[in-house]
Undergrad: 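One structure coming up, written as structure tokens, with questions to follow.
One is the number of the first residue; the rest follow in order along the sequence.
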Amino acid sequence: MGWYQKKIVSVLLEESALKKLVENTKMDGEKSPVPGTQTEQAEAEIPKLKGTVSDNESGDNRQDGPQLAKTVQGLQKDRSSDKAQEENANQPQSTDQKENQASLGGNHHRDGHHLHLSSCHECLELENSTIESVKFASAENIHNLPDDYSGFGNRSEDESCTGQSRRVNVSGKPPNVLVYTGSDPSRFQTKYQQVKTILAECIDMDSYIVYHLLEEQVLKDPWAENSLLLVFASEEPVPEKFHKLFLNYLSKGGKILGLSSFFCFSGVNLAPKEALKNKIHKLCFTKTDHTDIELDVLTSGMVYEKVGASRDSGVEFWGQLGNKDKDMVIVRLPYGDNGGEAILSQVLLDTSPDSQEIQDPEDFNMLKVSNARRYEVLTEILSALGLSCELSNVPPPSPLYLLTTTESSRLSFLEWLSTAVDTEGILRSAKVSLKAVSALQPGMELMEGILPLVTQPLGFSSEQLDLQTYSRSLQSRILGQIVLFAEVTPTTMDLLDGMMLQLPQEMGLIAIAGRQTQGKGRGGNAWLSPLGSALFTLHVRVPVQSPLGQRIPFLQHLVALAVVEAVRTLPGYQDIDLRVKWPNDIYYSALMKLGGVLVTSTLMGNTFHALVGCGFNVSNSNPTVCINDLIVQYNKENGSALKALSTAQLIGRSVTVLERLIDAFQEKGAPGVLPLYYKRWVHSGTRVRLWSEQGPQACIVGLDDCGFLQVESEEQGIVSVQPDGNSFDMLRNLIVTKQR
């Protein structure tokens, strides 16, 4: 939430307030001016003003082939056009525009006038004050939240946030999630932020609002009527008066999630076990579909014990430890006749592996390996409590921006682009077509499947790509010099599809995204691509008759190695345990995957045109592991102060290292790169079984001349395994033939 201009804010009013507003409007109507005065004049001007804006936009946005060519010529003659464009944008308004605004502005707030103008100072004041009221509807006024939410349950499918949230809101409660963290002022705010962070990563935050329920607010009854879920995350004993209020909330159909808390009621008791406090144990969690998940978790030192006929009370035991006592640590307790229920946990589901509580490197490794399953358990619990854990909307593709490391490369690309687009200024492709525009204009509309390519992105800035950092880190001759950047795109692989076979030899094109919504992995697998990942597709040309052209499968190995070397060749970062895994993965030690490579190639004449897709985790800690996690852990273990790395820096360095590795391979063949590859890979001396769990044992010995994995067994000697037909399962130490 922030200051949003040129929007009308919808405000939900209680029925009583709405009636009062209607009455006031009727009274005001008796005083309103006669027809034909300023109100009608202002409304009559609206089509004229809209038509003027539309005409301007259509004129500014159309940049067909001939116009683009003129733009290129103008840029070559006068490189100061960017400054001129800024000056034109700041020119004073015409007399007609001022008159239009005056006729629309004036006294439109007079009695009976209902025209809202985003340019009006009073309207902006009202809008902004409304936004601020919503923004600061915090813990201090939870009890004043409107309780006239009966309309929530009656919304149509199009109006509701998600189908699931509609299902959970049949009681008419607003979509509030409250977090209670106790009374200790030294802990409760930190604990609240910790819980809120994990909730935000599990539930659809477009459908719910998370608030902090403070101790002094618990005694104020209305909070119970205004919340879908109460998260109880206090490690303090529960006062009796609070306990009664929480049970009363459950009796009215409320839902409670207990995170290592003392809150408990009929059917089970809490029992301390000091030997379990802050220790890692194996958890077996039973999902609602009766399948089990096993993972390593941090335990609180408390367990649940049955009381009397627990089965008769409806108690369900969802999670137990793998120790000899099979201690119960996750239970579900129903309460009352209105659907109230609590799911209580004594494992620290809200504690991430990289928290300050985790100091031992082995503990970090165990918890990181189980981190994705920790999220799976949390989302399973939250879904069982009625919350939606699916994104309500996939963000649409955003415009592309042309960014270059030098002005000469930009001009060269624009000159080529002017010859490649059609008469409408569109570079057409079977997957994604691009419309060349000099700048984005308000209200720009394009046909489906066509994205704007902004060729003069003045003042470009993005949190996901720092162009200066990228340019400093890129030391290549050709690769990656011309950047197409998108904040959001389905996949970067498709962005270069229409260009790679047409680009001149000297142009090195790379597509970079802040986020992908349909990332692709090897074998048709999906690749999750959240913010904080380095996501790019690089165009690489390889002559067929060259050493690498004769062994093109090696290219994917070189890309994975380039990412590892981009980190480990930085001064001080040489011991960050990044490794490569055959055929195309980037790993943390031999434990967890944090990146991958996908290469597709097209043969055109005597040249392979390869699209090298690569994605690896840089700063996105969850749900698995990222490079900056490893740096933080290394600093803890060694008392060092290595800085976190950025996606722009690592993409630039990876492209630079890749170009050097390709040069080495073209000069010396596979022997020019294999010693370094073997130094960084995870397989040295690894024993596997071939083809199935009952197959012959073999030892991995290296790569053959074409880049395929070689293994040696007593029965079969040395055999090669092709990545196209097999997947290497590190967890089971097997090479498994894929089912076709």
Undergrad: Taking all atoms of both residues into account, what is the closest heavy-atom pair of E215 and G182, and its distance?
TA: CB-O, 4.4 Å
Undergrad: Checking side chain to side chain contact (heavy atoms under 4.5 Å, CB included) for the pair V303/Q346: CA distance, chi angles, key distance, verdict?
TA: CA-CA 6 Å; V303 299; Q346 289 301 327; 6.0 Å; no
Undergrad: Could you verify whether a donor N or O on one side chain and an acceptor N or O on the other, from D629 and S621, lie under 3.5 Å apart?
TA: yes
Undergrad: Which residue is it: N176, L228, L178? I am looking for the one with a side chain to side chain contact (heavy atoms under 4.5 Å, CB included) to I209.
TA: N176
Undergrad: Within the supplied structure, the quantity of interest is the number of heavy atoms (other residues, nucleotides, ligands) at a distance under 6.0 Å from D337 CG; does it exceed 12?
TA: no
Undergrad: For K306 and F317, run side chain to side chain contact (heavy atoms under 4.5 Å, CB included): C-alpha distance rounded to whole Å, both residues' side-chain angles, the deciding distance at 0.1 Å, then the answer.
TA: CA-CA 10 Å; K306 301 176 184 178; F317 296 93; 3.3 Å; yes
Undergrad: Of the non-hydrogen atoms in Y192 and V210, which two are nearest, and what is the gap between them?
TA: OH-O, 3.4 Å
Undergrad: For Q464 and T647, which I'm curious about, is there any donor-acceptor pair between the side chains at under 3.5 Å?
TA: no
Undergrad: Is there side-chain contact between Q633 and K368, with at least one heavy-atom pair below 4.5 Å?
TA: no
Undergrad: If you round to the nearest 0.5 Å, how far is OG1 of T197 from CD of Q194?
TA: 8.0 Å
Undergrad: Side-chain contact test, heavy atoms from C-beta onward, threshold under 4.5 Å: evaluate it for L250 versus I256 and give yes or no.
TA: yes
Undergrad: I need the F263 CZ to H243 NE2 distance, nearest 0.5 Å.
TA: 5.0 Å
Undergrad: Evaluate the side-chain proximity of V177 to L387: yes if any heavy-atom separation is below 4.5 Å, no if none is.
TA: yes
Undergrad: Side chain of S533, backbone of L535: donor and acceptor closer than 3.5 Å?
TA: no
Undergrad: Using a 3.5 Å distance criterion without hydrogens, assess whether the side chain of S355 forms a donor-acceptor pair with backbone atoms of S352.
TA: yes
Undergrad: Give a yes or no answer on whether the side chain of D289 reaches the backbone of T291 with a donor-acceptor pair at less than 3.5 Å.
TA: yes
Undergrad: Return yes if a side-chain donor-acceptor contact under 3.5 Å exists between S388 and D204, otherwise no.
TA: no
Undergrad: Within this structure, what is the CG-CD distance for the pair L245 and E240, rounded to the nearest 0.5 Å?
TA: 10.5 Å
Undergrad: How far apart are the closest heavy atoms of N628 and S619, and which atoms are they?
TA: ND2-CB, 3.7 Å
Undergrad: Measure from the side-chain N and O atoms of S398 to the backbone N and O of A486, and report whether any donor-acceptor pair falls under 3.5 Å.
TA: no
Undergrad: Is any side-chain heavy atom of L531 less than 4.5 Å from a side-chain heavy atom of E463?
TA: no
Undergrad: Does I198 reach the side chain of L349, with side-chain heavy atoms less than 4.5 Å apart?
TA: no
Undergrad: Before you tell me yes or no, could you show the steps for L219 and K241 under side chain to side chain contact (heavy atoms under 4.5 Å, CB included), namely the whole-Å CA-CA distance, both residues' side-chain angles and the distance that decides it to 0.1 Å?
TA: CA-CA 8 Å; L219 298 176; K241 57 184 179 180; 4.2 Å; yes
Undergrad: Between T299 (side chain only) and L276 (backbone N and O only), is there a donor and an acceptor less than 3.5 Å apart?
TA: yes
Undergrad: Can you tell if the side chain of T624 reaches within under 4.5 Å of the side chain of K593, non-hydrogen atoms only?
TA: no
Undergrad: Check the surroundings of atom NZ in K273: do more than 12 heavy atoms from other residues, nucleotides or ligands lie under 6.0 Å from it?
TA: yes
Undergrad: So L594 and C626, do their side chains get closer than 4.5 Å, heavy atoms only?
TA: no
Undergrad: Taking the six-membered ring for Trp, is the centroid-to-centroid distance between F188 and H212 below 6.0 Å?
TA: yes
Undergrad: Between Y180 and F242, is there a side-chain heavy-atom distance shorter than 4.5 Å?
TA: yes
Undergrad: If the condition is side-chain contact (heavy atoms from CB on, under 4.5 Å), which residues does D363 pass it with, not counting sequence neighbours?
TA: I280, I358, D360
Undergrad: Might you point out which heavy atoms bring R374 and P353 nearest each other, and give the distance in Å?
TA: NH2-CD, 3.9 Å
Undergrad: Looking only at atom types and distance, does a side-chain atom of E236 sit under 3.5 Å from a main-chain N or O of D184, one as donor and one as acceptor?
TA: yes
Undergrad: Can you check whether Y375's main-chain N or O pairs, donor with acceptor, with T379's side chain at less than 3.5 Å?
TA: yes
Undergrad: Quick one: CD1 on I293 to CD on E376, what's the gap to the nearest 0.5 Å?
TA: 3.5 Å
Undergrad: Rounded to the nearest 0.5 Å, how far does CE of M592 lie from CG of N365?
TA: 9.5 Å
Undergrad: Apply side chain to side chain contact (heavy atoms under 4.5 Å, CB included) to the pair K191 and D350, showing each step before the final yes or no.
TA: CA-CA 9 Å; K191 186 69 172 178; D350 57 315; 2.8 Å; yes
Undergrad: Closer than 3.5 angstrom, by distance alone: can the side chain of E380 be matched with the main-chain N or O of T288 as a donor-acceptor pair?
TA: yes
Undergrad: Look up atom OH in Y304 and atom CG in N269, then write down how far apart they are to the nearest 0.5 Å.
TA: 11.0 Å
Undergrad: Testing the basics here: between S251 and N338, what is the closest heavy-atom pair and its distance to 0.1 Å?
TA: O-ND2, 2.8 Å
Undergrad: Looking at E487 and R515, is any side-chain nitrogen of the basic one under 4.0 Å from a carboxylate oxygen of the acidic one?
TA: no
Undergrad: Of the options T181, V231, V218, which is the one that meets L213 in a side chain to side chain contact (heavy atoms under 4.5 Å, CB included)?
TA: V218
Undergrad: Closest approach of D296 and L367, non-hydrogen atoms and distance?
TA: O-CD2, 3.6 Å
Undergrad: Hey, does the side chain of E305 reach the backbone of A271 with a donor-acceptor pair shorter than 3.5 angstrom?
TA: no
Undergrad: With no hydrogens and no angle check, is any side-chain donor or acceptor of K255 less than 3.5 Å from a backbone partner on I343?
TA: no
